[in-house]
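Taking it in order: structure first as structure tokens, then the write-up.
Chain letters run A, B, ... following the sequence lines, proteins first and then strands; every chain starts at 1. Computed from heavy atoms alone, side chains included, the values below leave out hydrogens, waters and symmetry copies.
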Number of protein chains: 2
Amino acid sequence: MSKNELLVVQEACHTALVAEPLSEIESEGLAHVFKALADPVRLRLFSLIASFDGGESCVCDLTPHFDVSQPTISHHLKVLREAGLVDSDRRATWIYYRVRPAALAQLSSLLAPAATR
Amino acid sequence: MSKNELLVVQEACHTALVAEPLSEIESEGLAHVFKALADPVRLRLFSLIASFDGGESCVCDLTPHFDVSQPTISHHLKVLREAGLVDSDRRATWIYYRVRPAALAQLSSLLAPAATR
DNA sequence: TGTCAATATAGACACATGTCGAAGAATGAG
DNA sequence: CTCATTCTTCGACATGTGTCTATATTGACA
């Protein structure tokens, strides 16, 4: 169900949301990605990670910016990762998260209004 | 609470989500807009409306494309409208919906990865 | 090995959300 | 003025989601 939702975005032939109607399948996958961005904590997490030096951050540098518990942060990071919006890898005790620029670019161009309108 | 969420997007100084961290306030407003797009039916509604000739459509032309009831369609259109993603006006018996290209453009540029990275 | 620090997972709970059918409001036709 | 049509609103219900605490896992280090 959620191997890598980013693929849905990438495989969507849609150059723009406004060009022609989405199929049911396309809309399911896209909704998954938007759902990942549809939470204030996740949005801030995402922009925080991207804003860190080097475009990446460990969880311990993110947590203090929020009023929610560490497990909740962990949960939100998982949602972002399963939507294909961020990647993570472990380095020693820490787990580093970084944004996937490709995912953003796909979404951005999908939302861009078609030029011929 | 939901006068016109589009304003939140427009007033956000962020040229990109990845440039600097979102404030709590900004993230609340943005999440509202993404939430509106985070449903398969609403995504298809949106792209359907945009794809109609003239970029607008009455509800009766949208409903037959879906398996859900007409009140449900009406509910989803309300969500899109309150997020500032579509506009509506009544002409005779029919109510026409059209997309707001400005909203899309704002979201698109917000998601576009910063060039200097 | 044992302990500590950093994250993840599990289970529970309150609240939000998508859906429906029924009823209400607005418009135009006759 | 009534009636049919189009759309919205209301109230209810099942499911989904964000949050917590408690517990597990992973790796570093003494």
Using atom [atom1] of [X] as one end and atom [atom2] of [N] as the other, report the distance to the nearest whole Å.
{"X": "A:L37", "N": "D:dG18", "atom1": "CG", "atom2": "P", "result": "12 Å"}
{"X": "B:D39", "N": "C:dT17", "atom1": "CG", "atom2": "C1'", "result": "9 Å"}
{"X": "A:D67", "N": "D:dC20", "atom1": "CG", "atom2": "C1'", "result": "14 Å"}
{"X": "A:H75", "N": "D:dT21", "atom1": "NE2", "atom2": "P", "result": "15 Å"}
{"X": "A:H32", "N": "D:dG16", "atom1": "NE2", "atom2": "P", "result": "11 Å"}
{"X": "B:W94", "N": "D:dT5", "atom1": "CH2", "atom2": "C1'", "result": "9 Å"}
{"X": "A:L43", "N": "D:dG18", "atom1": "CG", "atom2": "P", "result": "12 Å"}
{"X": "B:R91", "N": "D:dC7", "atom1": "CZ", "atom2": "P", "result": "12 Å"}

Backbone N or O of A:L104 within a donor-acceptor pair of the A:S108 side chain at under 3.5 Å? no
Would the distance check show the side chain of B:T63 and the main-chain N or O of B:C60 forming a donor-acceptor pair, the cut-off being under 3.5 Å? no
Is the shortest side-chain N to carboxylate O distance from A:R91 to A:E56 below 4.0 Å?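 Salt bridge flag = yes for A:E56 with A:R91.
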Residues B:E82, B:K35: salt bridge by 4.0 Å N-O rule: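 The answer is no: the pair does not qualify as a salt bridge.
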Return the nearest nucleotide to the side chain of [X]; candidates are [options].
{"X": "B:I95", "options": "C:dG28, C:dA6, D:dC7", "result": "D:dC7"}
{"X": "B:R90", "options": "D:dT6, C:dT7, D:dT19", "result": "D:dT6"}
{"X": "A:T93", "options": "D:dC20, D:dC7, C:dA5", "result": "C:dA5"}
{"X": "A:T72", "options": "C:dT9, C:dG18, D:dT19", "result": "D:dT19"}
{"X": "A:Q70", "options": "C:dA6, C:dA8, C:dG18", "result": "C:dA8"}

Check B:D39 against B:V41 and note the closest heavy-atom contact, atom names and distance. OD1-N, 2.9 Å
May I ask you to evaluate whether [X] reaches the phosphate of [N], defined as a side-chain N or O under 4.0 Å from OP1 or OP2?
{"X": "B:R42", "N": "C:dG18", "result": "yes"}
{"X": "A:S74", "N": "C:dA8", "result": "yes"}
{"X": "A:H76", "N": "D:dT17", "result": "no"}
{"X": "B:Y97", "N": "D:dT8", "result": "yes"}
{"X": "B:K78", "N": "D:dT8", "result": "no"}
{"X": "B:S69", "N": "C:dT19", "result": "no"}

Report the residue (A:P71 or B:D61) whose heavy-atom-nearest nucleotide on DNA chain D is the more 5′ of the two.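 It is B:D61 whose nearest nucleotide is closer to the 5' end.
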